[in-house]
Protein chains: 2
Amino acid sequence: MAHKRDAKDVADDEPYLQIGEVAERTGVTQRTLRFYEEKGLLKPPTRMEGGFRLYSEADIRRLERIRHLQQLLGFPLAQIKEMVEADEVKMQLRAEYRPEAEASEKKAQILKAIEVTERQLELIGEKATAIVDMQAKLEERLSTFHGWLTDLEASSKSTAKAKV
Amino acid sequence: MAHKRDAKDVADDEPYLQIGEVAERTGVTQRTLRFYEEKGLLKPPTRMEGGFRLYSEADIRRLERIRHLQQLLGFPLAQIKEMVEADEVKMQLRAEYRPEAEASEKKAQILKAIEVTERQLELIGEKATAIVDMQAKLEERLSTFHGWLTDLEASSKSTAKAKV
DNA sequence: CCTAACCTTGACGTTGAGGTAATATTGGCG
DNA sequence: CGCCAATATTACCTCAACGTCAAGGTTAGG
């Protein structure tokens, strides 16, 4: 078996993962991880001296977010990127938010957050409504069919009676 | 290929369109039309003796359905195909449905329709719920931000007063 | 220091969904 | 009939999103 690494010379407290472990844990291939990095979807992770990538939990959360969005929305990676970046901006604001900051600064941050969130809503909005009412239509048809079915059973029963 | 059935002895009361007209009317390129045909998303349309394709209104509706689904769901064409085929089955049933048919036959048809519709729901179901609650979450965050903003304005007003 | 297992970059291959170009027919009009 | 725009078929090109392979560097246990 593989030797288990002692791969941390960064911060000993945080659990850093090498690319292979991330791949295994998330079901994403190593190639895809490098590819996402290349495309700017994942920020370049920290490395050990040898150059091996070391992913943080935050990196992994981001990765999972990407995959989720990709599955969910079927958008091209460029748009997925926009989405995750927007998330990141909001996280950032949240982290930097100090109640004792200047009001004008806080206001600016909140405005930014609002802008970003609105953009996200814009990206998914149309899709959401369309998919929902497609679903509604299907469900309606389904219950129509069930209705027909029960009608049918009822009438077959009555004809049976009529025959006797 | 053998000549399965005659192409253009269909009455010309129905408006048939050539590929170029379809392309123009729908915004889909000719290439894409042929491609979809190749992939089985569109059934081979009727042809004139020379071999030119002649599309019916039904063909066009199907095409538009395909494009809609593609936009909407972001599924691969293979799945889109499943979807439209399911639609087609239902149309078919609807067309063949005669109230004077045998009950057992009608029942079978309805059961088929139900099965197919359930499959369609299955295909979009998960996606629909996921996207909806993503949207909900975003909207919630948005209103939270707006809340913060009004809080902020309120407190700035009060400090202004306090200063004076 | 050696070696197995892991990782690196680089380059080329593949698949899905078409675009583009070349060549050959066809359809309709004067 | 002759001409030319529209169409058919075939074949290669592209772009995204990875897969795969090669050649070599890195890490840690023995």
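Just so we're on the same page: letters track the sequence lines, and every chain starts at 1.
With sequence neighbours excluded, the residues that form a ring-ring contact (aromatic ring centres under 6.0 Å, His included) with F145(A) are W148(A). Applying the side chain to side chain donor-acceptor pair (under 3.5 Å) test to E100(B) and every residue at least two apart in sequence or in another chain returns nothing. For R67(A), there are no salt bridge (charged side-chain N to carboxylate O under 4.0 Å, His left out) partners at least two apart in sequence or on another chain.
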Please list every donor-acceptor pair under 3.5 Å in which a side-chain atom of residues 124-134 of chain A meets a protein atom from a residue at least two apart or in another chain.
unit_1	atom_1	unit_2	atom_2	d
K127(A)	NZ	L73(A)	O	2.5
T129(A)	OG1	E126(A)	O	3.0

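The CD atom of E24(B) sits 16 Å away from the P atom of dA5(D) (whole-angstrom rounding). If you measure from atom CD1 of I19(B) to atom C1' of dA6(D), you get 10 Å, rounded to the nearest angstrom. Rounded to whole Å, the distance from CD on Q30(A) to P on dC6(C) is 10 Å. Following rounding to the nearest Å, E37(B) (CD) and dA17(C) (P) show an atom-to-atom distance of 17 Å. For the pair Y16(B) OH and dA6(D) P, the interatomic distance rounds to 23 Å; values are reported in whole Å. The CG-P distance, from L17(B) to dA6(D), rounds to 15 Å in whole Å. Atom CG in L42(B) sits about 14 Å away from atom P in dA17(C), given to the nearest Å. Per the geometry, OH belonging to Y55(A) stands 10 Å off P belonging to dC7(C), to the nearest Å.
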Atom pairs under 3.5 Å, N or O on each side, protein against nucleotides 11-17 of chain D: can you list them with distances?
unit_1	atom_1	unit_2	atom_2	d
dA17(D)	OP1	L77(A)	N	2.7

Show each protein N/O and nucleotides 22-27 of chain C N/O combination with a separation under 3.5 Å, one pair to a line.
unit_1	atom_1	unit_2	atom_2	d
dG27(C)	OP1	G50(B)	N	2.5

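M48(A) is listed as a side-chain neighbour of Q18(A), based on a closest heavy-atom distance under 4.5 Å.
Salt-bridge check for E64(A) with R25(A): failed, with every basic side-chain N at 4.0 Å or more from each acidic carboxylate O. With respect to the salt-bridge test (charged N to carboxylate O, under 4.0 angstrom), the residues R119(B) and E122(B) qualify.
OP1 or OP2 of dG19(D) sits under 4.0 Å from a side-chain N or O of T32(A). Listed pair R34(B) / dT9(D) fails the phosphate criterion, with no side-chain N or O lying under 4.0 Å from OP1 or OP2.
In this structure, R53(A) reaches the sugar-phosphate backbone alone: every heavy-atom distance under 4.0 Å involves primed, P, OP1 or OP2 atoms, never a base.
For the pair R53(B) (side chain) and G51(B) (backbone), a donor-acceptor distance under 3.5 Å is absent.
Checked against L17(B) for a side-chain contact (heavy atoms from CB on, under 4.5 Å), the options D59(B), V22(B), L54(B) give a single hit: V22(B).
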